[in-house]
There are 2 protein chains.
Amino acid sequence: MKTRRYCDNCPIRDRALCSGLSSPVAEALSRIAHFKHFPAGQVLQRSHQDLSWFAVIISGVAKLVKTLPDGRQQIVGLQFPADFLGRPFAVSSAFRAEATTSLLLCCFPKDAFENLLQQYPCFEGALLRHTLDQLDMARDWMFTLGRKTAQERMASLLFLIAERLARSGKQKASEEERIEFDLPLSRTEMADCLGLTHETVSRELRELRETGVIATRGRRTIILSHLGTLERLADCRQP
Amino acid sequence: MKTRRYCDNCPIRDRALCSGLSSPVAEALSRIAHFKHFPAGQVLQRSHQDLSWFAVIISGVAKLVKTLPDGRQQIVGLQFPADFLGRPFAVSSAFRAEATTSLLLCCFPKDAFENLLQQYPCFEGALLRHTLDQLDMARDWMFTLGRKTAQERMASLLFLIAERLARSGKQKASEEERIEFDLPLSRTEMADCLGLTHETVSRELRELRETGVIATRGRRTIILSHLGTLERLADCRQP
DNA sequence: CGCGTGGTTGATCGGATTCAACATCGGTGG
DNA sequence: CCACCGATGTTGAATCCGATCAACCACGCG
(Lines give C-alpha, C1' and ligand atoms only; values in the text may rest on other atoms or scores of the structure.)
Protein backbone atom coordinates (compact mmCIF):
# COMPACT_ATOMS: atom_id res chain seq x y z
CA MET A 1 0.00 0.00 0.00
CA LYS A 2 0.86 3.64 -0.34
CA THR A 3 2.56 4.47 2.95
CA ARG A 4 4.54 1.27 2.77
CA ARG A 5 5.97 2.30 -0.57
CA TYR A 6 7.00 5.64 0.92
CA CYS A 7 8.94 3.86 3.65
CA ASP A 8 10.89 1.83 1.11
CA ASN A 9 12.53 4.91 -0.36
CA CYS A 10 12.66 6.76 2.93
CA PRO A 11 16.06 8.53 3.07
CA ILE A 12 16.37 8.00 6.81
CA ARG A 13 15.07 4.44 6.85
CA ASP A 14 18.42 3.12 8.13
CA ARG A 15 18.73 5.46 11.12
CA ALA A 16 15.29 6.51 12.35
CA LEU A 17 13.24 5.03 15.18
CA CYS A 18 11.52 2.74 12.72
CA SER A 19 14.77 1.12 11.58
CA GLY A 20 15.47 -2.21 13.17
CA LEU A 21 11.86 -2.77 14.13
CA SER A 22 10.28 -6.12 13.43
CA SER A 23 8.16 -5.98 10.31
CA PRO A 24 4.72 -6.14 11.99
CA VAL A 25 5.55 -3.01 14.03
CA ALA A 26 7.07 -1.22 11.08
CA GLU A 27 3.97 -1.92 9.05
CA ALA A 28 1.61 -0.85 11.80
CA LEU A 29 3.61 2.35 12.11
CA SER A 30 3.60 3.04 8.39
CA ARG A 31 -0.17 2.58 8.38
CA ILE A 32 -0.69 5.48 10.81
CA ALA A 33 1.98 7.72 9.26
CA HIS A 34 1.43 10.70 7.02
CA PHE A 35 3.89 13.18 5.55
CA LYS A 36 3.64 16.85 6.24
CA HIS A 37 5.62 19.80 4.99
CA PHE A 38 6.40 23.02 6.85
CA PRO A 39 8.12 26.17 5.62
CA ALA A 40 11.09 27.64 7.51
CA GLY A 41 10.07 29.62 10.57
CA GLN A 42 6.79 27.78 11.11
CA VAL A 43 5.92 26.97 14.72
CA LEU A 44 5.31 23.23 15.03
CA GLN A 45 4.28 23.18 18.64
CA ARG A 46 3.72 25.96 21.14
CA SER A 47 5.02 25.38 24.66
CA HIS A 48 2.43 24.29 27.25
CA GLN A 49 -0.18 23.58 24.62
CA ASP A 50 -1.32 20.10 23.96
CA LEU A 51 0.35 18.21 21.25
CA SER A 52 -1.77 15.90 19.11
CA TRP A 53 0.97 14.27 17.06
CA PHE A 54 4.53 12.97 17.08
CA ALA A 55 6.92 12.95 14.14
CA VAL A 56 10.23 11.85 12.73
CA ILE A 57 12.14 14.39 10.67
CA ILE A 58 12.66 13.26 7.06
CA SER A 59 14.56 16.34 5.97
CA GLY A 60 15.33 19.79 7.36
CA VAL A 61 16.12 21.00 10.88
CA ALA A 62 13.89 21.95 13.82
CA LYS A 63 14.75 23.79 17.02
CA LEU A 64 13.38 23.39 20.55
CA VAL A 65 13.29 26.77 22.24
CA LYS A 66 12.71 28.06 25.74
CA THR A 67 11.70 31.71 25.76
CA LEU A 68 11.16 34.06 28.70
CA PRO A 69 8.73 36.99 28.77
CA ASP A 70 11.70 39.38 28.99
CA GLY A 71 12.92 38.17 25.61
CA ARG A 72 15.74 35.89 26.67
CA GLN A 73 15.85 32.78 24.52
CA GLN A 74 17.79 29.55 24.52
CA ILE A 75 17.67 26.78 21.95
CA VAL A 76 17.71 23.61 24.05
CA GLY A 77 17.65 21.12 21.21
CA LEU A 78 18.41 20.91 17.51
CA GLN A 79 16.61 18.09 15.74
CA PHE A 80 18.03 16.73 12.49
CA PRO A 81 16.78 14.17 9.97
CA ALA A 82 15.92 10.85 11.69
CA ASP A 83 15.35 12.63 15.02
CA PHE A 84 12.08 12.37 16.86
CA LEU A 85 9.74 15.28 17.66
CA GLY A 86 7.21 15.34 20.46
CA ARG A 87 6.92 14.54 24.15
CA PRO A 88 5.28 11.15 24.85
CA PHE A 89 3.43 10.65 28.16
CA ALA A 90 2.80 14.34 28.74
CA VAL A 91 -0.05 16.56 27.68
CA SER A 92 2.35 19.23 26.46
CA SER A 93 5.99 20.06 26.14
CA ALA A 94 7.74 22.79 28.11
CA PHE A 95 9.47 23.91 24.92
CA ARG A 96 8.40 25.42 21.64
CA ALA A 97 9.26 23.52 18.46
CA GLU A 98 9.93 25.50 15.31
CA ALA A 99 11.22 24.76 11.81
CA THR A 100 14.54 26.52 11.15
CA THR A 101 14.59 25.33 7.54
CA SER A 102 11.96 23.96 5.25
CA LEU A 103 10.93 20.73 6.92
CA LEU A 104 9.47 17.41 5.85
CA LEU A 105 7.99 15.34 8.68
CA CYS A 106 6.66 11.83 8.95
CA CYS A 107 3.81 12.40 11.43
CA PHE A 108 1.90 10.02 13.70
CA PRO A 109 -1.35 10.79 15.53
CA LYS A 110 -0.70 10.90 19.26
CA ASP A 111 -3.20 8.25 20.34
CA ALA A 112 -2.37 5.71 17.64
CA PHE A 113 1.33 6.21 18.32
CA GLU A 114 0.99 5.68 22.07
CA ASN A 115 -1.13 2.59 21.44
CA LEU A 116 1.68 1.13 19.36
CA LEU A 117 4.16 1.93 22.12
CA GLN A 118 1.90 0.04 24.49
CA GLN A 119 1.46 -2.85 22.10
CA TYR A 120 5.01 -3.40 20.88
CA PRO A 121 7.72 -3.40 23.56
CA CYS A 122 10.53 -3.37 20.97
CA PHE A 123 9.14 -0.07 19.69
CA GLU A 124 9.19 1.40 23.18
CA GLY A 125 12.76 0.12 23.48
CA ALA A 126 13.76 1.96 20.32
CA LEU A 127 12.29 5.18 21.70
CA LEU A 128 14.10 4.62 25.01
CA ARG A 129 17.44 4.25 23.20
CA HIS A 130 16.78 7.39 21.21
CA THR A 131 15.86 9.30 24.36
CA LEU A 132 18.98 8.13 26.20
CA ASP A 133 21.09 9.35 23.26
CA GLN A 134 19.32 12.71 23.33
CA LEU A 135 19.99 12.96 27.06
CA ASP A 136 23.71 12.30 26.52
CA MET A 137 23.82 14.97 23.84
CA ALA A 138 21.96 17.46 26.03
CA ARG A 139 24.46 16.86 28.84
CA ASP A 140 27.41 17.26 26.50
CA TRP A 141 25.96 20.56 25.38
CA MET A 142 25.62 21.65 29.04
CA PHE A 143 29.40 21.52 29.21
CA THR A 144 29.60 23.70 26.11
CA LEU A 145 27.27 26.29 27.64
CA GLY A 146 28.85 26.24 31.08
CA ARG A 147 32.56 26.06 30.38
CA LYS A 148 33.63 26.82 26.82
CA THR A 149 34.80 30.16 25.41
CA ALA A 150 32.90 31.88 22.61
CA GLN A 151 35.30 30.54 20.00
CA GLU A 152 35.14 26.98 21.30
CA ARG A 153 31.34 27.18 21.37
CA MET A 154 31.21 28.40 17.78
CA ALA A 155 33.52 25.56 16.70
CA SER A 156 31.40 23.06 18.65
CA LEU A 157 28.22 24.13 16.88
CA LEU A 158 29.78 24.07 13.42
CA PHE A 159 31.24 20.64 14.12
CA LEU A 160 27.90 19.35 15.39
CA ILE A 161 26.09 20.60 12.31
CA ALA A 162 28.76 19.22 10.00
CA GLU A 163 28.48 15.80 11.63
CA ARG A 164 24.71 15.65 11.73
CA LEU A 165 23.88 17.37 8.46
CA ALA A 166 26.67 17.03 5.95
CA ARG A 167 28.07 13.68 6.97
CA SER A 168 24.86 12.08 8.17
CA GLY A 169 25.13 8.34 8.31
CA LYS A 170 28.71 8.15 7.17
CA GLN A 171 31.32 6.58 9.36
CA LYS A 172 34.14 8.30 11.25
CA ALA A 173 35.25 11.54 9.66
CA SER A 174 38.61 11.58 7.96
CA GLU A 175 40.84 14.45 9.01
CA GLU A 176 41.18 15.81 5.51
CA GLU A 177 37.76 15.22 4.00
CA ARG A 178 36.38 18.31 2.32
CA ILE A 179 32.90 19.15 3.60
CA GLU A 180 30.54 21.85 2.41
CA PHE A 181 27.11 22.60 3.79
CA ASP A 182 24.55 25.35 4.28
CA LEU A 183 23.93 26.51 7.82
CA PRO A 184 20.37 25.64 8.88
CA LEU A 185 20.39 28.55 11.35
CA SER A 186 20.55 32.33 11.24
CA ARG A 187 23.19 34.18 13.26
CA THR A 188 20.64 34.91 15.97
CA GLU A 189 19.61 31.25 16.13
CA MET A 190 23.24 30.18 16.44
CA ALA A 191 23.60 32.71 19.27
CA ASP A 192 20.52 31.21 20.95
CA CYS A 193 22.13 27.77 20.72
CA LEU A 194 25.38 28.96 22.21
CA GLY A 195 24.25 31.34 24.94
CA LEU A 196 25.90 34.26 23.11
CA THR A 197 24.75 37.38 21.23
CA HIS A 198 24.47 37.48 17.45
CA GLU A 199 27.24 40.07 17.33
CA THR A 200 29.62 37.69 19.08
CA VAL A 201 28.65 34.87 16.72
CA SER A 202 29.46 37.12 13.77
CA ARG A 203 32.84 38.08 15.24
CA GLU A 204 33.83 34.50 16.09
CA LEU A 205 32.85 33.33 12.63
CA ARG A 206 35.14 35.98 11.16
CA GLU A 207 37.93 34.94 13.52
CA LEU A 208 37.58 31.30 12.42
CA ARG A 209 37.65 32.40 8.78
CA GLU A 210 40.73 34.59 9.30
CA THR A 211 42.63 31.81 11.04
CA GLY A 212 41.76 29.44 8.19
CA VAL A 213 39.74 26.98 10.24
CA ILE A 214 36.71 27.48 8.00
CA ALA A 215 35.90 29.12 4.70
CA THR A 216 32.56 30.65 3.75
CA ARG A 217 30.55 31.45 0.64
CA GLY A 218 27.66 33.85 0.96
CA ARG A 219 26.04 34.09 4.38
CA ARG A 220 25.03 30.52 4.88
CA THR A 221 27.57 28.24 3.22
CA ILE A 222 30.43 26.80 5.26
CA ILE A 223 33.38 24.99 3.70
CA LEU A 224 35.61 22.81 5.84
CA SER A 225 38.85 21.55 4.46
CA HIS A 226 40.33 20.46 7.79
CA LEU A 227 37.56 18.99 9.88
CA GLY A 228 40.19 17.86 12.39
CA THR A 229 41.25 21.44 13.22
CA LEU A 230 37.64 22.38 13.91
CA GLU A 231 37.12 19.31 16.08
CA ARG A 232 40.23 20.08 18.14
CA LEU A 233 38.97 23.61 18.73
CA ALA A 234 35.52 22.31 19.67
CA ASP A 235 37.05 19.83 22.10
CA CYS A 236 39.19 22.58 23.69
CA ARG A 237 42.52 21.13 22.54
CA GLN A 238 44.44 24.13 21.30
CA PRO A 239 46.66 23.01 18.36
CA MET B 1 12.38 -12.94 51.85
CA LYS B 2 15.00 -10.47 52.91
CA THR B 3 15.12 -8.04 50.00
CA ARG B 4 11.35 -7.94 49.84
CA ARG B 5 11.20 -6.77 53.42
CA TYR B 6 13.66 -4.00 52.59
CA CYS B 7 11.38 -2.79 49.79
CA ASP B 8 8.41 -2.54 52.16
CA ASN B 9 10.07 0.14 54.26
CA CYS B 10 11.89 1.72 51.34
CA PRO B 11 11.69 5.49 51.83
CA ILE B 12 11.43 6.13 48.09
CA ARG B 13 9.04 3.31 47.32
CA ASP B 14 6.35 5.73 46.17
CA ARG B 15 8.48 7.64 43.67
CA ALA B 16 11.25 5.43 42.30
CA LEU B 17 11.30 3.41 39.08
CA CYS B 18 9.98 0.41 40.95
CA SER B 19 6.84 2.19 42.10
CA GLY B 20 3.79 1.42 40.05
CA LEU B 21 5.25 -1.78 38.68
CA SER B 22 3.12 -4.89 38.67
CA SER B 23 4.01 -7.16 41.55
CA PRO B 24 5.80 -9.90 39.54
CA VAL B 25 8.24 -7.31 38.13
CA ALA B 26 8.70 -5.61 41.48
CA GLU B 27 9.49 -8.96 43.04
CA ALA B 28 11.89 -9.99 40.30
CA LEU B 29 13.62 -6.66 40.74
CA SER B 30 13.84 -6.96 44.50
CA ARG B 31 15.39 -10.40 44.07
CA ILE B 32 18.37 -9.02 42.11
CA ALA B 33 18.76 -5.89 44.27
CA HIS B 34 21.36 -5.27 46.94
CA PHE B 35 22.08 -2.20 49.03
CA LYS B 36 25.43 -0.52 48.93
CA HIS B 37 26.82 2.41 50.86
CA PHE B 38 29.36 4.97 49.65
CA PRO B 39 31.05 7.79 51.56
CA ALA B 40 30.98 11.36 50.23
CA GLY B 41 33.49 11.95 47.47
CA GLN B 42 33.63 8.34 46.32
CA VAL B 43 33.75 7.81 42.56
CA LEU B 44 30.90 5.52 41.57
CA GLN B 45 31.73 5.22 37.91
CA ARG B 46 34.63 6.52 35.87
CA SER B 47 33.82 7.94 32.44
CA HIS B 48 34.48 5.64 29.47
CA GLN B 49 34.95 2.60 31.68
CA ASP B 50 32.47 -0.16 31.63
CA LEU B 51 29.74 -0.13 34.14
CA SER B 52 28.64 -3.44 35.64
CA TRP B 53 25.65 -2.23 37.62
CA PHE B 54 22.73 0.19 37.74
CA ALA B 55 21.19 1.71 40.84
CA VAL B 56 18.43 3.77 42.35
CA ILE B 57 19.44 6.30 44.98
CA ILE B 58 17.85 5.59 48.37
CA SER B 59 19.40 8.55 50.16
CA GLY B 60 22.08 11.12 49.44
CA VAL B 61 23.07 12.99 46.29
CA ALA B 62 25.32 12.04 43.35
CA LYS B 63 26.77 14.21 40.60
CA LEU B 64 27.48 13.43 36.95
CA VAL B 65 30.59 15.28 35.86
CA LYS B 66 32.31 16.00 32.58
CA THR B 67 35.96 16.93 33.06
CA LEU B 68 38.53 18.10 30.52
CA PRO B 69 42.28 17.45 30.72
CA ASP B 70 42.85 21.19 31.19
CA GLY B 71 40.85 21.08 34.42
CA ARG B 72 37.56 22.58 33.28
CA GLN B 73 34.64 20.79 34.88
CA GLN B 74 30.89 20.89 34.52
CA ILE B 75 28.33 19.00 36.56
CA VAL B 76 25.80 17.84 33.97
CA GLY B 77 23.43 16.10 36.33
CA LEU B 78 22.49 16.03 39.99
CA GLN B 79 20.82 12.80 41.07
CA PHE B 80 18.61 12.81 44.15
CA PRO B 81 16.81 10.06 46.07
CA ALA B 82 14.58 7.99 43.73
CA ASP B 83 16.73 8.94 40.71
CA PHE B 84 18.33 6.31 38.55
CA LEU B 85 22.10 5.87 38.04
CA GLY B 86 23.73 4.20 35.06
CA ARG B 87 23.53 4.17 31.28
CA PRO B 88 21.55 1.23 29.86
CA PHE B 89 22.38 -0.02 26.37
CA ALA B 90 25.92 1.33 26.35
CA VAL B 91 29.16 -0.21 27.51
CA SER B 92 30.10 2.93 29.38
CA SER B 93 28.92 6.42 30.18
CA ALA B 94 30.58 9.59 28.90
CA PHE B 95 30.32 11.07 32.38
CA ARG B 96 31.84 10.35 35.74
CA ALA B 97 29.47 9.62 38.62
CA GLU B 98 30.51 10.63 42.12
CA ALA B 99 28.88 10.79 45.53
CA THR B 100 28.62 14.37 46.80
CA THR B 101 27.24 13.23 50.15
CA SER B 102 27.18 9.93 51.91
CA LEU B 103 25.10 7.74 49.63
CA LEU B 104 22.89 4.68 49.97
CA LEU B 105 22.16 2.88 46.69
CA CYS B 106 19.85 0.06 45.71
CA CYS B 107 22.04 -1.68 43.11
CA PHE B 108 21.21 -4.09 40.30
CA PRO B 109 23.70 -6.19 38.32
CA LYS B 110 23.83 -4.95 34.74
CA ASP B 111 22.96 -8.21 33.00
CA ALA B 112 20.09 -9.18 35.28
CA PHE B 113 18.68 -5.66 35.07
CA GLU B 114 18.78 -5.58 31.26
CA ASN B 115 17.16 -9.01 31.16
CA LEU B 116 14.27 -7.70 33.23
CA LEU B 117 13.96 -4.70 30.90
CA GLN B 118 13.72 -7.16 28.02
CA GLN B 119 11.26 -9.36 29.85
CA TYR B 120 8.87 -6.77 31.30
CA PRO B 121 7.73 -4.02 28.94
CA CYS B 122 6.09 -2.04 31.73
CA PHE B 123 9.49 -1.83 33.41
CA GLU B 124 11.06 -0.48 30.25
CA GLY B 125 8.20 1.99 30.07
CA ALA B 126 8.94 3.22 33.58
CA LEU B 127 12.58 3.78 32.63
CA LEU B 128 11.49 5.61 29.48
CA ARG B 129 9.31 7.98 31.49
CA HIS B 130 12.13 8.63 33.93
CA THR B 131 14.55 9.30 31.06
CA LEU B 132 12.12 11.71 29.38
CA ASP B 133 11.81 13.62 32.66
CA GLN B 134 15.60 13.77 32.99
CA LEU B 135 15.82 15.09 29.43
CA ASP B 136 13.32 17.85 30.22
CA MET B 137 15.29 18.80 33.32
CA ALA B 138 18.57 18.80 31.40
CA ARG B 139 17.06 21.11 28.79
CA ASP B 140 15.68 23.44 31.44
CA TRP B 141 19.15 23.63 32.94
CA MET B 142 20.60 24.49 29.52
CA PHE B 143 18.59 27.69 29.69
CA THR B 144 20.04 28.40 33.12
CA LEU B 145 23.60 27.94 31.83
CA GLY B 146 23.08 29.83 28.59
CA ARG B 147 20.99 32.81 29.60
CA LYS B 148 20.75 33.50 33.34
CA THR B 149 22.87 35.89 35.39
CA ALA B 150 25.04 34.65 38.25
CA GLN B 151 22.42 35.60 40.82
CA GLU B 152 19.58 33.95 38.90
CA ARG B 153 21.68 30.80 38.52
CA MET B 154 22.44 30.68 42.23
CA ALA B 155 18.75 31.09 43.02
CA SER B 156 17.87 28.38 40.49
CA LEU B 157 20.22 25.89 42.10
CA LEU B 158 19.03 26.61 45.62
CA PHE B 159 15.43 26.32 44.49
CA LEU B 160 16.15 23.03 42.70
CA ILE B 161 17.82 21.57 45.77
CA ALA B 162 15.05 22.79 48.06
CA GLU B 163 12.43 21.16 45.83
CA ARG B 164 14.22 17.88 45.36
CA LEU B 165 15.79 17.46 48.76
CA ALA B 166 13.84 19.24 51.45
CA ARG B 167 10.37 18.99 50.00
CA SER B 168 10.74 15.66 48.25
CA GLY B 169 7.42 14.08 47.45
CA LYS B 170 5.31 16.84 48.91
CA GLN B 171 2.88 18.70 46.73
CA LYS B 172 3.08 22.26 45.48
CA ALA B 173 5.14 24.54 47.69
CA SER B 174 3.31 27.15 49.66
CA GLU B 175 4.73 30.63 49.34
CA GLU B 176 5.37 30.98 53.01
CA GLU B 177 6.44 27.53 54.07
CA ARG B 178 9.63 27.58 56.12
CA ILE B 179 12.25 25.23 54.70
CA GLU B 180 15.63 24.32 56.10
CA PHE B 181 18.16 21.98 54.56
CA ASP B 182 21.87 21.21 54.29
CA LEU B 183 23.53 21.83 50.96
CA PRO B 184 24.68 18.54 49.44
CA LEU B 185 27.41 20.40 47.53
CA SER B 186 30.57 22.37 48.32
CA ARG B 187 31.01 25.87 46.91
CA THR B 188 33.20 24.49 44.13
CA GLU B 189 30.61 21.87 43.24
CA MET B 190 27.88 24.49 43.10
CA ALA B 191 30.14 26.51 40.79
CA ASP B 192 30.58 23.43 38.58
CA CYS B 193 26.79 23.09 38.36
CA LEU B 194 26.33 26.71 37.41
CA GLY B 195 29.21 27.37 35.07
CA LEU B 196 30.69 29.88 37.53
CA THR B 197 33.75 30.09 39.80
CA HIS B 198 33.59 29.25 43.50
CA GLU B 199 34.40 32.88 44.31
CA THR B 200 31.32 34.06 42.43
CA VAL B 201 29.17 31.44 44.17
CA SER B 202 30.41 32.74 47.51
CA ARG B 203 29.65 36.34 46.56
CA GLU B 204 26.17 35.59 45.21
CA LEU B 205 25.29 33.62 48.34
CA ARG B 206 26.30 36.62 50.43
CA GLU B 207 24.22 38.89 48.18
CA LEU B 208 21.16 36.64 48.60
CA ARG B 209 21.71 36.62 52.35
CA GLU B 210 22.08 40.41 52.52
CA THR B 211 18.91 40.97 50.52
CA GLY B 212 17.03 38.61 52.82
CA VAL B 213 16.15 36.01 50.19
CA ILE B 214 17.89 33.29 52.18
CA ALA B 215 19.36 32.83 55.63
CA THR B 216 22.26 30.57 56.50
CA ARG B 217 23.66 28.70 59.49
CA GLY B 218 27.23 27.45 59.33
CA ARG B 219 28.59 26.77 55.88
CA ARG B 220 26.10 24.24 54.66
CA THR B 221 22.69 25.02 56.14
CA ILE B 222 20.21 27.12 54.16
CA ILE B 223 17.01 28.50 55.65
CA LEU B 224 14.24 29.70 53.39
CA SER B 225 11.37 31.64 54.84
CA HIS B 226 10.02 32.94 51.53
CA LEU B 227 10.38 30.20 48.97
CA GLY B 228 8.36 32.33 46.56
CA THR B 229 10.95 35.11 46.46
CA LEU B 230 13.65 32.60 45.61
CA GLU B 231 11.50 31.04 42.90
CA ARG B 232 10.79 34.42 41.34
CA LEU B 233 14.50 35.16 41.23
CA ALA B 234 15.24 31.75 39.75
CA ASP B 235 12.60 32.26 37.09
CA CYS B 236 14.00 35.67 36.20
CA ARG B 237 10.97 37.63 37.43
CA GLN B 238 12.46 40.53 39.32
CA PRO B 239 10.06 41.40 42.20
C1' DC C 1 49.44 23.51 68.23
C1' DG C 2 50.32 23.67 63.34
C1' DC C 3 48.66 22.41 59.14
C1' DG C 4 45.57 21.76 55.18
C1' DT C 5 41.29 22.28 53.07
C1' DG C 6 37.41 24.95 52.11
C1' DG C 7 35.42 29.42 52.17
C1' DT C 8 35.39 34.57 52.05
C1' DT C 9 36.68 39.03 50.48
C1' DG C 10 39.09 42.61 47.80
C1' DA C 11 41.50 44.54 43.58
C1' DT C 12 42.22 44.13 38.96
C1' DC C 13 41.54 42.29 34.43
C1' DG C 14 39.42 40.69 30.28
C1' DG C 15 35.97 38.47 27.31
C1' DA C 16 31.55 39.04 25.91
C1' DT C 17 27.70 42.33 25.93
C1' DT C 18 25.71 46.53 24.74
C1' DC C 19 24.92 50.31 21.94
C1' DA C 20 25.35 52.35 17.63
C1' DA C 21 26.40 52.82 12.86
C1' DC C 22 26.80 50.83 8.61
C1' DA C 23 26.67 47.01 4.91
C1' DT C 24 24.42 43.43 2.33
C1' DC C 25 20.84 40.71 0.66
C1' DG C 26 16.20 39.63 -1.11
C1' DG C 27 12.02 41.06 -2.33
C1' DT C 28 8.43 44.47 -4.03
C1' DG C 29 6.44 47.75 -6.69
C1' DG C 30 6.84 52.06 -9.35
C1' DC D 1 15.16 47.75 -14.45
C1' DC D 2 16.39 49.67 -10.48
C1' DA D 3 15.06 52.42 -6.38
C1' DC D 4 13.48 51.53 -2.05
C1' DC D 5 12.72 48.99 2.11
C1' DG D 6 13.06 45.78 5.88
C1' DA D 7 15.45 41.97 7.61
C1' DT D 8 19.77 40.10 8.42
C1' DG D 9 24.53 40.52 9.16
C1' DT D 10 28.98 43.06 10.18
C1' DT D 11 31.97 46.12 12.53
C1' DG D 12 33.62 49.44 16.04
C1' DA D 13 33.77 51.63 20.77
C1' DA D 14 32.44 51.69 25.40
C1' DT D 15 30.83 49.17 29.24
C1' DC D 16 30.17 45.63 32.58
C1' DC D 17 29.80 41.16 34.69
C1' DG D 18 32.16 37.50 36.19
C1' DA D 19 37.03 35.60 36.11
C1' DT D 20 41.45 35.84 37.92
C1' DC D 21 44.85 36.64 41.27
C1' DA D 22 45.97 37.21 45.91
C1' DA D 23 45.36 37.64 50.76
C1' DC D 24 43.05 36.26 54.61
C1' DC D 25 39.81 33.59 57.61
C1' DA D 26 37.54 29.46 59.86
C1' DC D 27 37.18 25.13 60.83
C1' DG D 28 38.54 20.13 61.50
C1' DC D 29 42.09 16.98 62.48
C1' DG D 30 46.46 14.61 63.49
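Sequence lines set the chain letters: A, B, ... in the order given, protein chains first and strands last, and positions in each chain run from 1.
Taking atom CG of A:L196 as the reference point, atom C1' of D:dG18 lies 15 Å away to the nearest angstrom. Rounded to whole Å, atom P of C:dT24 lies 19 Å from atom CZ of A:R220. Going from atom CD of B:E210 over to atom P of C:dT8 covers 12 Å, rounded to whole Å. Atom P of nucleotide C:dT17 and atom CD of A:E204 are separated by 9 Å, given to the nearest angstrom. Atom CD in A:E207 sits about 12 Å away from atom P in D:dT11, given to the nearest Å. The distance between atom CZ of A:R217 and atom C1' of C:dC25, rounded to the nearest whole Å, is 16 Å.
Between C:dT8 and B:R206, no contact under 4.0 Å exists linking OP1 or OP2 to a side-chain N or O.
At the heavy-atom level, B:G195 lies under 4.0 Å from the strands shown only through sugar-phosphate atoms.
A salt bridge is defined here as a Lys NZ or Arg NE, NH1 or NH2 lying under 4.0 Å from an Asp or Glu carboxylate O, and B:D133 with A:R87 meets this definition. Using a 4.0 Å cut-off between a side-chain N of Lys or Arg and a carboxylate O of Asp or Glu, A:E180 and A:R217 qualify as a salt bridge. Contact check on B:R187 versus B:E189 returns no salt bridge, with no Lys/Arg side-chain nitrogen under 4.0 Å from an Asp/Glu carboxylate oxygen.
Defined by atom type and a distance below 3.5 Å, a donor-acceptor pair is missing between the side-chain atoms of A:T67 and A:R72. In the model, B:S92 has no side-chain atom that pairs as donor or acceptor with a side-chain atom of B:D50 under 3.5 Å.
Here the CZ atom belonging to A:R206 is positioned 11.0 Å from the OG1 atom belonging to A:T211, to the nearest 0.5 angstrom. Rounded to the nearest 0.5 angstrom, B:R139 CZ and A:Q134 CD are separated by 5.5 Å.
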Between protein and nucleotides 20-30 of chain D, map the contacts as a letter string: B base, S sugar-phosphate only, - none, heavy atoms under 4.0 Å, written 5' to 3'.
-> BB----B----
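Mapping B:V201 and A:G218 onto DNA chain D via the closest heavy atom, the residue that lands nearer the 5' end is A:G218.
Formation of a donor-acceptor pair under 3.5 Å by the B:R209 side chain with backbone atoms of B:I214 is not found in this model.
Contacts with DNA chain D (heavy atom under 4.0 Å) in residues 182-189 of chain A: A:S186, A:R187, listed by number. Residues of residues 139-156 of chain A having a heavy atom closer than 4.0 Å to DNA chain D: none are found.
A distance of 6.0 Å or more separates the ring centres of B:F108 and B:F54.
Just one of B:R153, B:E152, B:R147 meets the side chain to side chain contact (heavy atoms under 4.5 Å, CB included) condition when paired with B:T149; it is B:E152.
Remark: A:K66 is not positioned above the aromatic ring of A:F95, lacking an NZ or CZ atom under 6.0 angstrom from the ring centre and at most 45 degrees off the axis.
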